[in-house]
Number of protein chains: 2
Amino acid sequence: MDRERGHEDSDHLQLRAWLRLLTCANLIESRVRGGLRETWNITLPRFDLLSQLHRAGEDGLTMGDLSRAMMVSAGNVTGLVEALVGEGLVRRTTSAADRRQSRVRLTQAGKRGFEAMLPEHERWIDEAFAGLDRNDLKRLLELLAKLKQSAKAAERGGKEAA
Amino acid sequence: MDRERGHEDSDHLQLRAWLRLLTCANLIESRVRGGLRETWNITLPRFDLLSQLHRAGEDGLTMGDLSRAMMVSAGNVTGLVEALVGEGLVRRTTSAADRRQSRVRLTQAGKRGFEAMLPEHERWIDEAFAGLDRNDLKRLLELLAKLKQSAKAAERGGKEAA
DNA sequence: GCGAGATACTTTAAGTCTAAAGTATCTGAC
DNA sequence: GTCAGATACTTTAGACTTAAAGTATCTCGC
């Protein structure tokens, strides 16, 4: 009945899954970063920011929206937006209703530039996942959805405990 | 120009899997980083380096081994090792056989310190994965193994093409 | 109105990270 | 033996990142 429990306690499945997850993320991220640099001389965080704005559409996003969407600190967003404003890819306006807020949007150049990069970016991702068939991908998406919920719950638990 | 109200019905499974993978990695990593900082005032990369050395045992690792194991650049390892030598957690010796190499090992303090952190670190990971049962974890490990191979193959392909 | 606290963002200090160029050492073809 | 190239590592410049402290603005109870 309990013959295998000792083994169960010590096989560290969670830790192994975590390390493997990190390895995959690093491999793919490094490929994407290299491609973006070589092909368009843009960094991954800047591409990511453009991507969030592209998805958001005409109304753009506030600095806080960007910080949450990109899962980085507010201070980090400040610097990235400044850089992209300098490159003419993004424009920024102060909100009239709440003067603390500012709203960030793609310029025409930003929109065109991002849309030019998009297909090749997706091709790199597709290549990285080429070894997985549609069934694998669907199972992976499900498991990651479960993990995402679980990790969020753990995060809240940790904060409430403090 | 067409103002799109929604996405087309191509499902972009790979891209969605990639974004979800990144979200999970960010969530867990941020929890671990926060815990390490609050509890032992150590950063995640330094913990990671100690972890590699702990796994390696008495013989330690060369700078190059560390760079490969941690998937970071060689220059990055130089700085991290210097910091940890300064904290007395790690010691570094020049190889006699090949004077270009150096070998890095945990000090006694480093070994004790790391082993003190280990259980709680694993607890954070276990909590993040708490929503997945053993069967989920095994399937996730399999899918990530497949993804890892696939991503490695894509990386090689990309380099050969260039 | 007014002030206390909340919120949106910026600044700062310190650390992490990369790519590229540089240094020292080794290896192998000859 | 020697030297051209490979290898192990360091240095550098620049970008990213965070946590924490700081500034400006808003909200809400009174």
Side-chain angles (χ1 to χ4, degrees), chain A residues 22 25-27 29-50 60-87 89 92-104 159 162, chain B residues 22 25-27 29-50 60-87 89 92-104 159 162:
Chain A
L22 258 188
N26 284 338
L27 279 170
E29 197 171 305
S30 130
R31 170 122 163 82
V32 172
R33 181 174 40 243
L36 288 174
R37 182 178 45 76
E38 289 167 18
T39 314
W40 291 288
N41 196 33
I42 190 175
T43 64
L44 183 49
R46 291 179 196 191
F47 177 86
D48 190 14
L49 201 155
L50 294 181
L61 294 171
T62 65
M63 303 295 276
D65 292 338
L66 282 167
S67 171
R68 280 182 292 277
M70 298 174 70
M71 304 180 81
V72 300
S73 68
N76 194 349
V77 173
T78 299
L80 292 172
V81 168
E82 275 169 9
L84 288 169
V85 167
E87 293 174 13
L89 301 177
R92 185 180 170 174
T93 53
T94 303
S95 163
D98 183 341
R99 290 162 46 71
R100 294 169 304 178
Q101 281 189 332
S102 49
R103 195 154 279 277
V104 187
K159 279 179 181 166
Chain B
L22 258 189
N26 284 337
L27 279 170
E29 197 171 304
S30 128
R31 170 124 163 81
V32 171
R33 180 174 41 241
L36 288 173
R37 180 179 45 77
E38 288 167 17
T39 314
W40 291 289
N41 196 32
I42 191 176
T43 63
L44 184 49
R46 291 178 195 192
F47 177 86
D48 190 15
L49 199 155
L50 294 181
L61 295 170
T62 65
M63 303 295 276
D65 292 338
L66 282 168
S67 171
R68 279 181 293 277
M70 298 173 69
M71 305 179 79
V72 299
S73 67
N76 194 352
V77 172
T78 299
L80 291 172
V81 167
E82 274 170 9
L84 288 168
V85 167
E87 293 174 13
L89 300 177
R92 186 180 169 172
T93 53
T94 302
S95 164
D98 184 340
R99 290 162 45 72
R100 292 170 305 178
Q101 280 188 333
S102 49
R103 194 155 279 278
V104 186
K159 278 179 182 165

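Keep in mind that this is a model prediction, so the values were computed, not measured. What you see below is based on every heavy atom in this structure, not just the backbone, and it leaves out hydrogens, waters and symmetry mates. All chains are named by letter (A, B, ...) in the order of the sequence lines, taking the proteins before the strands, and each is independently numbered beginning at 1.
Close to D:dC16, at under 4.0 Å from its OP1 or OP2, lies a side-chain N or O of A:R46. A sub-4.0 Å separation between OP1 or OP2 of D:dT18 and a side-chain N or O of B:R37 is absent. The side chain of B:S102 places no N or O atom within less than 4.0 Å of a non-bridging phosphate oxygen (OP1 or OP2) of D:dA8.
Mapping B:D65 and B:R33 onto DNA chain D via the closest heavy atom, the residue that lands nearer the 5' end is B:D65. Mapped onto DNA chain D by nearest heavy atom, B:E82 and A:A97 fall at different nucleotides, with B:E82 at the one closer to the 5' end. Between B:L80 and B:S95, the residue whose closest nucleotide on DNA chain C is further toward the 5' end is B:L80.
Nucleotide C:dC17 holds its C1' atom 12 Å from the CG atom of A:N26, rounded to whole Å. Rounded to a whole Å, the CE atom of A:M63 is 12 Å from the C1' atom of C:dT11. Here C:dA8 presents its P atom at 14 Å from CG of A:L66, a figure rounded to the nearest Å. The interatomic distance linking A:N41 (CG) with C:dA20 (C1') rounds to 14 Å, in whole Å. The CG-C1' distance, from B:D98 to D:dC9, rounds to 10 Å in whole Å. In this structure, B:L36 places its CG atom 15 Å from C1' of C:dG15, rounding to the nearest Å. The distance between atom CD1 of A:I42 and atom C1' of D:dC16, rounded to the nearest whole Å, is 14 Å. Nucleotide D:dT17 holds its P atom 7 Å from the CE atom of A:M70, rounded to whole Å.
No hydrogens or angles considered: a donor-acceptor pair under 3.5 Å links the side chains of A:R92 and A:S102.
Distances were taken from every side-chain heavy atom of B:Q101 (C-beta onward) to each of C:dC9, D:dC9, C:dT25; the shortest belongs to D:dC9. Distances were taken from every side-chain heavy atom of B:R92 (C-beta onward) to each of D:dA15, D:dT10, C:dA19; the shortest belongs to D:dT10.
Using a 4.0 Å heavy-atom criterion, one finds that B:R103 contacts no nucleic acid atom at all. Among the protein residues, A:R68 comes within range of no part of the nucleic acid, since none of its heavy atoms lies under 4.0 Å from any strand. Residue-level contact check: A:S67 touches neither bases nor backbone, having no heavy atom under 4.0 Å from any strand.
Here A:D98 pairs with A:R100 under the side-chain hydrogen bond (donor to acceptor under 3.5 Å, both in side chains) rule; sequence neighbours left out. Looking at residues two or more places apart in sequence or on another chain, you find a side-chain contact (heavy atoms from CB on, under 4.5 Å) between B:E82 and B:T78. Looking at residues two or more places apart in sequence or on another chain, you find no side-chain hydrogen bond (donor to acceptor under 3.5 Å, both in side chains) involving A:R99.
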What are the atom names and distances for every N/O pair under 3.5 Å that joins the protein to nucleotides 22-24 of chain D?
none

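For the atom pair CG of A:L36 and CG of A:L44, the computed distance is 6.0 Å after rounding to the nearest 0.5 Å. One finds the CD1 atom of B:I42 at 6.5 Å from the CG atom of B:L84 (value rounded to the nearest 0.5 Å).
Remark: side-chain polar atoms of B:S67 are paired, donor with acceptor, to backbone N or O of B:V72 under 3.5 angstrom.
Each ring-ring contact (aromatic ring centres under 6.0 Å, His included) pair with one or both residues in residues 63-83 of chain A, not counting sequence neighbours, would appear here, but there are none.
Remark: B:A74, B:G75, B:T78 in residues 71-79 of chain B come within less than 4.0 Å of DNA chain D through at least one heavy atom.
Shortest non-hydrogen contact noted between A:M70 and A:P45 is CE-O, 3.6 Å.
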One pair to check against side-chain contact (heavy atoms from CB on, under 4.5 Å): A:M63 and A:V81. What are the steps and the verdict? CA-CA 9 Å; A:M63 303 295 276; A:V81 168; 4.0 Å; yes
